[in-house]
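Working notes, beginning with the structure itself.
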Amino acid sequence: TEIALQICVGLALVIGLERLRERTQSIVHNIGALVIGGLTLCAIVFGPGQSPHGEAGVVAIFAGQLLSGAPTTIFGDGAQTRDFVHVADIAAANLAAIRHELRGAYNVGTGVEVSVYDLYERMRAIVDGAPPVYRPARPGEQRRSSIDASRLRAATAWEPRVALDD
């Protein structure tokens, strides 16, 4: 149940805590020992309904800043990399884990490193925004992040389907 709660909290960050609050309580009580709790969601999740407010969710934050005309803030030099995975791929990974009755921890990600600056440039090309504003790097921020989901792929044939540029 604890791991199921972690999954629900992760999904809540992506699609909005308010819309998931009642569903989360029901899901946590009903999932129990389902295998969905075995997945480790490590990549940066993006997708519809993600809030541009707060410190997490750089895709939504950049989109909100670019669309509003506000300066887009990049912490550090922008060369730090992240692995971005779409929420639909997270859902598909969880379904694959359930269907294959997996137990244990499995990483979910694309294995593709994208720099924060490259993410910004891809988005800026669509919206035609202003150059970014650089702020000091956040203490303890990871320099590189890429998720190896090969164990999940081998166990289920799961593959991410939604690319960052889609």
Side-chain angles (χ1 to χ4, degrees), residues 1-17 20 24 27-28 31-52 54-63 72-126 132 136-166:
T1 304
E2 179 184 339
I3 294 173
L5 177 59
Q6 292 172 1
I7 297 293
C8 291
V9 169
L11 290 174
L13 293 174
V14 175
I15 62 174
L17 184 58
L20 245 184
T24 301
I27 290 170
V28 168
I31 284 182
L34 282 183
V35 179
I36 188 171
L39 292 176
T40 304
L41 306 178
C42 294
I44 304 297
V45 183
F46 71 98
Q50 190 174 23
S51 173
E55 294 182 15
V58 67
V59 174
I61 291 169
F62 281 5
T72 302
T73 304
I74 293 179
F75 292 94
D77 62 6
Q80 62 272 32
T81 64
R82 299 293 178 263
D83 182 342
F84 297 95
V85 64
H86 194 273
V87 66
D89 289 327
I90 295 291
N94 279 281
L95 289 174
I98 291 168
R99 287 187 188 116
H100 288 86
E101 299 181 2
L102 298 184
R103 297 278 179 216
Y106 291 81
N107 291 328
V108 181
T110 65
V112 177
E113 289 184 64
V114 177
S115 76
V116 171
Y117 181 77
D118 185 44
L119 170 68
Y120 168 76
E121 281 298 320
R122 291 178 189 195
M123 296 176 75
R124 184 174 99 148
I126 296 167
R138 293 182 172 146
E141 184 174 13
Q142 227 176 311
R143 194 71 186 149
R144 295 182 62 203
S145 178
S146 175
I147 305 306
D148 179 5
S150 59
R151 183 170 180 239
L152 178 64
R153 285 186 182 101
T156 67
W158 171 87
E159 291 288 337
R161 304 252 186 257
V162 182
L164 183 58
D165 291 331
D166 288 349

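Index from 1, following the sequence.
- Residues meeting the side-chain hydrogen bond (donor to acceptor under 3.5 Å, both in side chains) test with S150, sequence neighbours left out: D148.
- Looking at residues two or more places apart in sequence or on another chain, you find a side-chain hydrogen bond (donor to acceptor under 3.5 Å, both in side chains) between Y117 and E121.
- For the residue pair V87 and P48, the shortest heavy atom distance occurs at CG1-CD, 4.1 Å.
- Closest of all the heavy-atom pairs between F75 and P136 is CD2-O, 3.4 Å.
- At least one side-chain heavy atom of F62 sits less than 4.5 Å from a side-chain heavy atom of V116.
- Once rounded to the nearest 0.5 Å, the distance linking CD1 of I61 with CD1 of I74 reads 12.0 Å.
- Judged as a side-chain contact (heavy atoms from CB on, under 4.5 Å), and not counting sequence neighbours, the contacts of T81 are E113, S115, R144.
- With D89 contributing its side chain and V162 its backbone, the two residues share a donor-acceptor pair below 3.5 Å.
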Take L119 and V58 through the side chain to side chain contact (heavy atoms under 4.5 Å, CB included) test and state the conclusion after the steps.
-> CA-CA 9 Å; L119 170 68; V58 67; 3.7 Å; yes
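- When all heavy atoms are compared, the tightest approach of W158 to A96 is CB-CB, 4.4 Å.
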Run the numbers on R153 and R151 for side chain to side chain contact (heavy atoms under 4.5 Å, CB included), then give the verdict.
-> CA-CA 5 Å; R153 285 186 182 101; R151 183 170 180 239; over 6 Å; no
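- Every residue two or more places apart in sequence or in another chain that forms a side-chain contact (heavy atoms from CB on, under 4.5 Å) with A163 is listed here: D166.
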Taking it one step at a time, do V45 and F84 satisfy side chain to side chain contact (heavy atoms under 4.5 Å, CB included)?
-> CA-CA 6 Å; V45 183; F84 297 95; over 6 Å; no
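- The backbone N or O of G78 lies less than 3.5 Å from a partner atom in the side chain of Q80, making a donor-acceptor pair.
- Applying the salt bridge (Lys or Arg N to Asp or Glu O under 4.0 Å) rule to R161 yields no partners; only residues at least two apart in sequence or on another chain are considered.
- Side-chain contact between V85 and I147: absent, with no pair of heavy atoms (C-beta onward) separated by less than 4.5 Å.
- With sequence neighbours excluded, the residues satisfying side-chain hydrogen bond (donor to acceptor under 3.5 Å, both in side chains) with R122 are D118, D165.
- Remark: T110 engages D83 in a side-chain hydrogen bond (donor to acceptor under 3.5 Å, both in side chains) (not counting sequence neighbours).
- Note: T73 OG1 to Y120 OH = 10.0 Å, rounded to the nearest 0.5 Å.
- At a threshold of 4.5 Å between non-hydrogen side-chain atoms, the residues F46 and L164 count as touching.
- Under a 3.5 Å cut-off, the side chain of Q142 and the backbone N or O of R82 do not form any donor-acceptor pair.
- Taking all atoms of both residues into account, the shortest heavy-atom contact from H86 to A88 is ND1-N, 2.9 Å.
- Closest heavy-atom contact between A149 and N107: CB-O, 3.3 Å.
- Across all non-hydrogen atoms, the minimal contact from A60 to S51 is CB-O, 3.5 Å.
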